4 protein chains.
Amino acid sequence: MLQIQVITGSKVPIYRQVVDQIRSAIGSGAVAIGQPLPSVRSLAGELVVNPNTIAKAYAALVADGVVESQQGRGYFVAQRREIYTKAERTRRLDEAVGPMVAEALSLGFSEQEIIGAISKHFQKLGKS
Amino acid sequence: MLQIQVITGSKVPIYRQVVDQIRSAIGSGAVAIGQPLPSVRSLAGELVVNPNTIAKAYAALVADGVVESQQGRGYFVAQRREIYTKAERTRRLDEAVGPMVAEALSLGFSEQEIIGAISKHFQKLGKS
Amino acid sequence: MLQIQVITGSKVPIYRQVVDQIRSAIGSGAVAIGQPLPSVRSLAGELVVNPNTIAKAYAALVADGVVESQQGRGYFVAQRREIYTKAERTRRLDEAVGPMVAEALSLGFSEQEIIGAISKHFQKLGKS
Amino acid sequence: MLQIQVITGSKVPIYRQVVDQIRSAIGSGAVAIGQPLPSVRSLAGELVVNPNTIAKAYAALVADGVVESQQGRGYFVAQRREIYTKAERTRRLDEAVGPMVAEALSLGFSEQEIIGAISKHFQKLGKS
DNA sequence: GTGGTCTAGACCACA
DNA sequence: GTGGTCTAGACCACC
């Protein structure tokens, strides 16, 4: 079952939160290939956000190839395919790690504390 | 020596790249307390960006208490001090970890791979 | 209702005047948590200043955790939270008190008169 | 005896610190009318600051009428004279109080705590 | 519509 | 020389 939560006050834009959470759900196997996603309207209603925002999130997922739209039927989890080369994936990972480490360092956290926070984050993800 | 590189056209804004790199340099001890930062104009010239952009980056560092400005003299690495409460520090760390993990997951990386990337990042910081 | 007035040509910069007045309004409870602030463009138009100046003021308020921004929606009064350590709060208070007292002393005011002016100031805040 | 201390890292410019402290010393009667001030060079040497900075401070004091220069002899404490009208003095006091209260409020301090900090500040002034 | 970033260029204050 | 403020105007991202 697909459980999505959005934090309106966050610095991360809403449509991005939706994209990330759906990607994570698909990546972790929580939703299987071929399964339908909630309709734009229903998800928008559930999260109390603008339908345009959900539509934009779905469009981004389609553009990335992790979701397919079937005219008139809805959106479905696509066959998993590698879009990025390994080098590109690593580059993107490093690009995400850098700012996070910079922030943590200036807050006075050590490498161990950072890794601990990540483990804790994963535990929370697993539970919910 | 403080070496800064910016990628124009990146998704992360230029001033943010500057902030992150200076934070990392200070946080990892690459630049010592009391040392002067390059002047706004000189760094702007070096990176071929507008001085205002550098000024914005430096202002952010001042707001975080990482550096101090002295009118007419320049910017200097500040004495390290505890500015934020534990709760606030944790909150900010989590806020930085969340999007990073989401990005990594959507790229198909595992928890172990993420932690590995962080360790690698720290090694790179130590060496330079 | 948030009423802001700026004095151009004053020694204290415009963006600072805006910051101070909004801080006072929030700190004294004149505007409630969650309420939206005027949009950057509208306030800029009202005060006849450049939008960038208002943006700078709002950014400072965000850095202090007093307000929060939501992309595409606006700025909102943030939930009150303890951001700074006790030491840092005291340090900042002293840093604000020092110059103010020096100015008052040089104008020939006594300690009692200064305290009186502060009480009067609070009364004015409460009334408006 | 005139004891001056400057804090280089402060947000208050050095020349302003010098002006404020000399004004306070004169205002409180610590230095009597007609007494000489230290020479620009000696004070600059003592405080380890640029002589231009001291010269600027003295010039500001002369402009305000609390100090007089006697060509070739030095600077002397002038006859005290009221430069500002009462309304003007009050206006300036309020102008100094406003930002300080705004800062304190956003730091979460109460009126009583602010007044306490001021009293403490005066005690510290008296002791030194 | 909202905020966020960047540029170009001006003027002032400080050391 | 240094930083600090402000303006004018552009382009982008988000809702």
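Just so it is clear: chains get the letters A, B, ... in the order the sequence lines come, proteins before strands, and each one is counted from 1. Note that the structure is predicted; figures quoted are calculated from it, not measured.
Counting non-hydrogen atoms of neighbouring residues, nucleotides and ligands closer than 6.0 angstrom, the CZ atom of A:R41 reaches no more than 12 such neighbours. Heavy atoms from other residues, nucleotides or ligands lying under 6.0 Å from CD of D:Q70 number more than 12.
Taking for each of B:P51 and C:S39 the nucleotide of DNA chain E with the nearest heavy atom, the 5'-most of the two is the partner of C:S39. Toward the 5′ end of DNA chain E lies the nearest nucleotide of B:T53, the other residue of the pair B:R41 and B:T53 mapping further downstream. Residue whose closest nucleotide on DNA chain F sits further toward the 5' end, between C:G72 and B:R73: B:R73. Along DNA chain F, the nucleotide nearest A:N50 and the nucleotide nearest C:I14 are compared for position; the residue whose nucleotide lies closer to the 5' end is C:I14.
In this structure, C:R16 reaches neither bases nor backbone, as no heavy-atom distance under 4.0 Å exists between it and the strands shown. In this structure, B:Y58 reaches neither bases nor backbone, as no heavy-atom distance under 4.0 Å exists between it and the strands shown.
A close approach under 4.0 Å does occur between a side-chain nitrogen or oxygen of A:K56 and OP1 or OP2 of F:dC14.
Comment: C:R91 engages C:E88 in a salt bridge, judged by a side-chain N to carboxylate O separation of less than 4.0 angstrom.
In this view, A:E68 satisfies the side chain to side chain donor-acceptor pair (under 3.5 Å) rule with no residue, not counting sequence neighbours.
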Next item on the list: Apply side-chain contact (heavy atoms from CB on, under 4.5 Å) to the pair C:D64 and C:R92, showing each step before the final yes or no.
Entry: CA-CA 12 Å; C:D64 270 4; C:R92 293 194 179 212; 4.0 Å; yes
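Read 5' to 3', the first and last nucleotides of DNA chain E with an atom closer than 4.0 Å to a heavy atom of chain B are E:dT5 to E:dA15.
With a 3.5 Å ceiling on both atom-pair distances, the Watson-Crick or G-U wobble partner of E:dT2 is F:dA13.
If you run ring-ring contact (aromatic ring centres under 6.0 Å, His included) between A:Y58 and each of A:Y15, A:F76, A:Y75, only A:Y75 comes through.
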